[in-house]
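Comments concern the structure below.
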4 protein chains.
Amino acid sequence: MRKLDPARHDQKRQEILSAARRCFERSGLKGASIAHICKEAGISPGHLYHYFKSKDAIVATLSEAWLDNISRRFEQLPIEEGGVVASLVEEISQLVPSGPNARSQLVFEMLAESTRNAGMAKLVQAHSRRLRSILANVLRQGQQRGAIDPALDPETTATIMIAMIDGLKALPLRDPEADRRAVADMLQQTLAAMLKRDRAEKTGEISGRRR
Amino acid sequence: MRKLDPARHDQKRQEILSAARRCFERSGLKGASIAHICKEAGISPGHLYHYFKSKDAIVATLSEAWLDNISRRFEQLPIEEGGVVASLVEEISQLVPSGPNARSQLVFEMLAESTRNAGMAKLVQAHSRRLRSILANVLRQGQQRGAIDPALDPETTATIMIAMIDGLKALPLRDPEADRRAVADMLQQTLAAMLKRDRAEKTGEISGRRR
Amino acid sequence: MRKLDPARHDQKRQEILSAARRCFERSGLKGASIAHICKEAGISPGHLYHYFKSKDAIVATLSEAWLDNISRRFEQLPIEEGGVVASLVEEISQLVPSGPNARSQLVFEMLAESTRNAGMAKLVQAHSRRLRSILANVLRQGQQRGAIDPALDPETTATIMIAMIDGLKALPLRDPEADRRAVADMLQQTLAAMLKRDRAEKTGEISGRRR
Amino acid sequence: MRKLDPARHDQKRQEILSAARRCFERSGLKGASIAHICKEAGISPGHLYHYFKSKDAIVATLSEAWLDNISRRFEQLPIEEGGVVASLVEEISQLVPSGPNARSQLVFEMLAESTRNAGMAKLVQAHSRRLRSILANVLRQGQQRGAIDPALDPETTATIMIAMIDGLKALPLRDPEADRRAVADMLQQTLAAMLKRDRAEKTGEISGRRR
DNA sequence: TATGAATGAGGCTTCATTCAT
DNA sequence: TATGAATGAAGCCTCATTCAT
């Protein structure tokens with residue numbers, strides 16, 4: 001009965017979430033147990049349920065925070081004059097994970113979980129919409145500035161960029177020894193080529209255009 | 001009376017694998033229990049262990065078969081005159097999954113599992129090497145025929161293509177309503193642009209070149 | 001509200017151990033299941049694991065306590081003037097078990113288990129060393145007082161005494177109808193003769209002497 | 001439908017028993033499974049049940065054979081003139097086991113099992129009676145020849161000797177590093193002193209005498 | 001005689017969650 | 001707010017045994 005300080009409550013929540021994240025990264029969404037999380041957080045199992053009503057709630061909260069964080073990074077993309085392509089490309093390139101990145105695997109688990117868990121599906125799809133919207137906006141602004149091929153459909157292009165981002169997360173799992181520098185460089189080129197103004201003139205593409 | 005048909009044994013194994021696959025697709029690698037699989041296969045829990053020594057063995061066998069199947073599809077790519085790019089591009093485009101494709105999610109679970117399970121890691125990495133090698137070979141042949149930019153490093157290019165393949169699997173989970181046709185078309189263009197012979201002349205790329 | 005009595009925890013542990021002991025005595029180390037123990041202790045299977053991390057841990061704890069108890073009994077042997085032989089002999093005689101002594105059988109199971117279980121082997125051997133050391137000390141003091149043949153090697157003699165103790169535990173299993181009184185009496189004589197001061201003069205023994 | 005040769009049948013039985021013995025020595029009476037035994041014997045589980053109606057039957061048969069073998073060894077004790085004591089003592093001394101004698105542990109398991117298993121109890125007790133009878137007979141003959149103290153009760157003496165035999169089997173489990181030579185020597189002396197003709201004159205024993 | 005497919009109960013252990021304090 | 005006692009279902013796996021061939 002010390003303090004009912006709501007700020008304190010929130011801080012504890014964050015601590016638990018942080019412990020949970022470490023556990024999930026270590027053992028997976030199903031592999032990490034409430035007991036593990038409690039030990040990591042230094043609290044008792046009973047106490048944890050004062051902050052979260054179920055394990056699923058923890059997973060959901062954490063997933064939301066995680067996805068939100070990704071979105072925010074793209075939201076803060078500088079869209080300066082002439083640099084739209086460059087900064088976008090740069091941002092994606094930096095995603096080429098370094099090391100047996102424990103964080104990326106969680107996204108794969110979220111994606112898989114979204115197949116069976118309606119709540120997770122909602123979360124994942126909302127995030128995807130938001131992310132696509134952010135990227136599409138950046139693309140649109142680039143098109144207005146003439147830096148990006150105006151024939152591209154921003155939504156479709158954004159969708160493909162997201163696919164690339166996802167796929168790159170598998171890289172360190174598929175090939176821990178990969179030359180990430182080479183991949184990053186080539187990725188930059190590919191993206192640049194894809195977005196490039198004059199690309200349209202060179203290929204007789206049929207679709208992917210603004211509808 | 002002697003040999004009770006070793007083929008019979010193998011067939012039962014396949015039946016169990018098939019049942020397991022359905023369960024895994026439905027509930028995930030961890031979510032599907034031995035009991036579920038046995039019920040689906042119509043056998044008793046004890047009996048399953050005449051065919052597989054552990055759940056992990058089932059997962060491994062299934063994963064291997066699954067990954068092997070993917071590799072084989074790419075191995076059989078027709079590399080006819082002038083169609084290297086086209087057939088490769090076509091093949092990848094067809095991967096854009098249709099419907100809440102339960103199969104793709106398993107790949108994500110395998111990737112995540114490979115973080116914690118040495119056996120799975122070995123499997124995933126071997127598959128990745130093989131797939132990259134197959135794709136790189138196709139690319140090399142295309143380069144010899146002059147259909148593909150000779151400045152591209154086949155291995156790096158293959159790595160990026162695999163990332164795209166992976167990323168596309170997330171598409172129906174991220175956006176079940178996506179216009180797959182549009183995505184497939186744009187993807188084709190992007191790939192074509194990436195591989196195109198004269199691409200190099202147009203962009204001042206720095207790396208990703210043949211080492 | 002803080003500490004919910006660590007003594008309470010310990011008491012419960014003891015209760016569980018006690019229930020486990022009864023089960024082991026009834027059904028043997030392997031024959032008694034966790035379910036049996038839980039039922040006997042009046043707790044749920046899951047709860048048992050708050051107190052012991054495995055069945056083996058229960059067995060080990062119980063074995064240790066059991067062996068420890070035996071050692072302590074010998075440690076407390078009164079070594080008064082002139083009574084060394086008598087009290088030692090008396091103590092051993094009392095070991096001739098009475099009734100289908102369920103406790104003794106457990107020692108046999110521990111001994112057998114020590115063949116396959118490294119932890120049990122360690123326990124058994126440590127106990128044996130301790131017990132031998134205790135007995136050897138008593139013997140040495142007896143030798144200093146002139147009550148025990150100084151030519152005897154205390155360690156070897158102790159080893160043989162332990163063998164006798166072990167062997168006597170089999171008596172009620174081998175012959176539930178045995179005249180224990182007669183056996184105890186004769187045992188006393190045999191031990192007395194073995195330890196007796198002037199024994200050496202009567203037999204042309206070759207070894208077993210102080211090294 | 002080849003041969004119903006009963007000799008062949010018996011040989012197979014022996015092979016299975018032999019395999020079972022190895023398994024039991026390795027893993028214990030409960031630890032060794034029918035599957036293990038079948039693998040060791042190179043036969044199928046179903047086939048085993050043509051030779052033995054249950055695992056218990058195998059255990060019983062094996063135990064009987066084992067105990068029988070011990071009895072036979074003592075039955076064949078040479079009772080030559082003047083050597084009764086010597087040969088008896090020698091025989092027992094040789095029992096001091098050498099090495100982590102896997103065989104002895106089984107006797108302990110049989111003894112423990114006899115507490116819960118009526119069949120085993122019968123077996124063990126019958127064996128004990130027989131062994132005691134054999135030893136008592138040897139002792140009686142020694143008494144007739146004047147080599148053994150006539151005041152000793154042969155049955156009680158035999159009982160104590162059996163206890164010693166049992167106890168010695170624990171020696172290598174209790175102390176794998178023990179100096180077996182010293183133990184054997186001292187044991188010889190102790191037994192000799194116990195049986196010796198003139199022993200009675202030296203100690204004022206009260207019991208253990210012929211009733 | 002011989003196989004190995006098949007069973008289902010039961011082994012130990014872990015789990016998410018609730019409750020009394 | 002905080003603990004940890006307590007639950008019981010469910011997890012994976014092994015077992016002795018039986019049956020069809």
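Side-chain atoms are counted along with the backbone in the values below, which use heavy atoms only and exclude waters and symmetry mates. Just so it is clear: chains get the letters A, B, ... in the order the sequence lines come, proteins before strands, and each one is counted from 1.
C:Ile16 places its CD1 atom 11 Å from the C1' atom of F:dA5, with the value rounded to the nearest Å. We find that NZ of D:Lys30 is positioned 12 Å from C1' of F:dA16, with the value rounded to whole Å. When rounded to the nearest whole Å, the span between CD1 of D:Ile37 and C1' of F:dC15 equals 12 Å. In this structure, D:Lys39 places its NZ atom 16 Å from C1' of E:dT3, rounding to the nearest Å. In this entry the distance linking CD of A:Glu15 with C1' of F:dT1 reads 14 Å, nearest Å. Atoms CG (C:Leu29) and P (E:dG11) sit 15 Å apart, rounded to a whole Å. When the C1' atom of F:dA20 is taken as reference, atom NE2 of B:His9 falls 17 Å away, rounded to whole Å. For the pair B:His36 NE2 and F:dC13 P, the computed distance is 15 Å after rounding to whole Å.
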Derivation and outcome, side-chain contact (heavy atoms from CB on, under 4.5 Å), residues D:Phe52 and D:Leu17:
CA-CA 10 Å; D:Phe52 297 94; D:Leu17 283 176; 3.6 Å; yes
If you apply the rule side-chain contact (heavy atoms from CB on, under 4.5 Å), what do you find for B:Lys169 with B:Phe108, and how did you get there?
CA-CA 9 Å; B:Lys169 284 176 181 142; B:Phe108 293 138; 3.8 Å; yes
Side-chain donor/acceptor pairs under 3.5 Å, residues 56-65 of chain D, sequence neighbours excluded:
residue	atom	partner	partner atom	Å
D:Thr61	OG1	D:Ala57	O	2.7
D:Ser63	OG	D:Val59	O	2.7

As a check on the pairing definition, encode DNA chain F in dot-bracket form, counting Watson-Crick and G-U wobble pairs whose two distances are under 3.5 Å, and using | for partners outside this strand.
.||||||||||||||||||||
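With sequence neighbours left out, the ring-ring contact (aromatic ring centres under 6.0 Å, His included) criterion links A:His47 to A:His50, A:Tyr51. Qualifying side-chain contact (heavy atoms from CB on, under 4.5 Å) partners for A:His36, counting only residues two or more places apart in sequence or in other chains: A:Cys23, A:Ser33. Shown here are the salt bridge (charged side-chain N to carboxylate O under 4.0 Å, His left out) partners of B:Arg22, two or more places apart in sequence or in another chain: B:Glu40. When the ring-ring contact (aromatic ring centres under 6.0 Å, His included) test is applied to A:Phe24, no partner is found at least two apart in sequence or on another chain. Residues satisfying the side-chain contact (heavy atoms from CB on, under 4.5 Å) test with A:Glu113, not counting sequence neighbours, are A:Arg116, A:Asn117, A:Met120. Residues passing the side-chain contact (heavy atoms from CB on, under 4.5 Å) test with B:Glu15 are B:Gln11, B:Lys12, sequence neighbours excluded. With sequence neighbours excluded, no residue forms a salt bridge (charged side-chain N to carboxylate O under 4.0 Å, His left out) with D:Asp10.
As judged by a 4.0 angstrom heavy-atom cut-off over every strand, B:Ile34 is placed among residues touching the sugar-phosphate backbone only.
Listed pair B:Ser33 / F:dG11 meets the phosphate criterion, a side-chain N or O lying under 4.0 Å from OP1 or OP2.
Between the side chain of C:Gln105 and the main chain of C:Glu25, a donor-acceptor pair closer than 3.5 Å is present.
For DNA chain E, the residues of residues 42-49 of chain A within the heavy-atom distance limit of 4.0 Å (strictly under) are A:Gly46, A:Tyr49, sorted by number. Interface residues of residues 50-60 of chain C facing DNA chain F, ordered by number: C:His50, C:Tyr51; criterion, heavy-atom separation under 4.0 Å.
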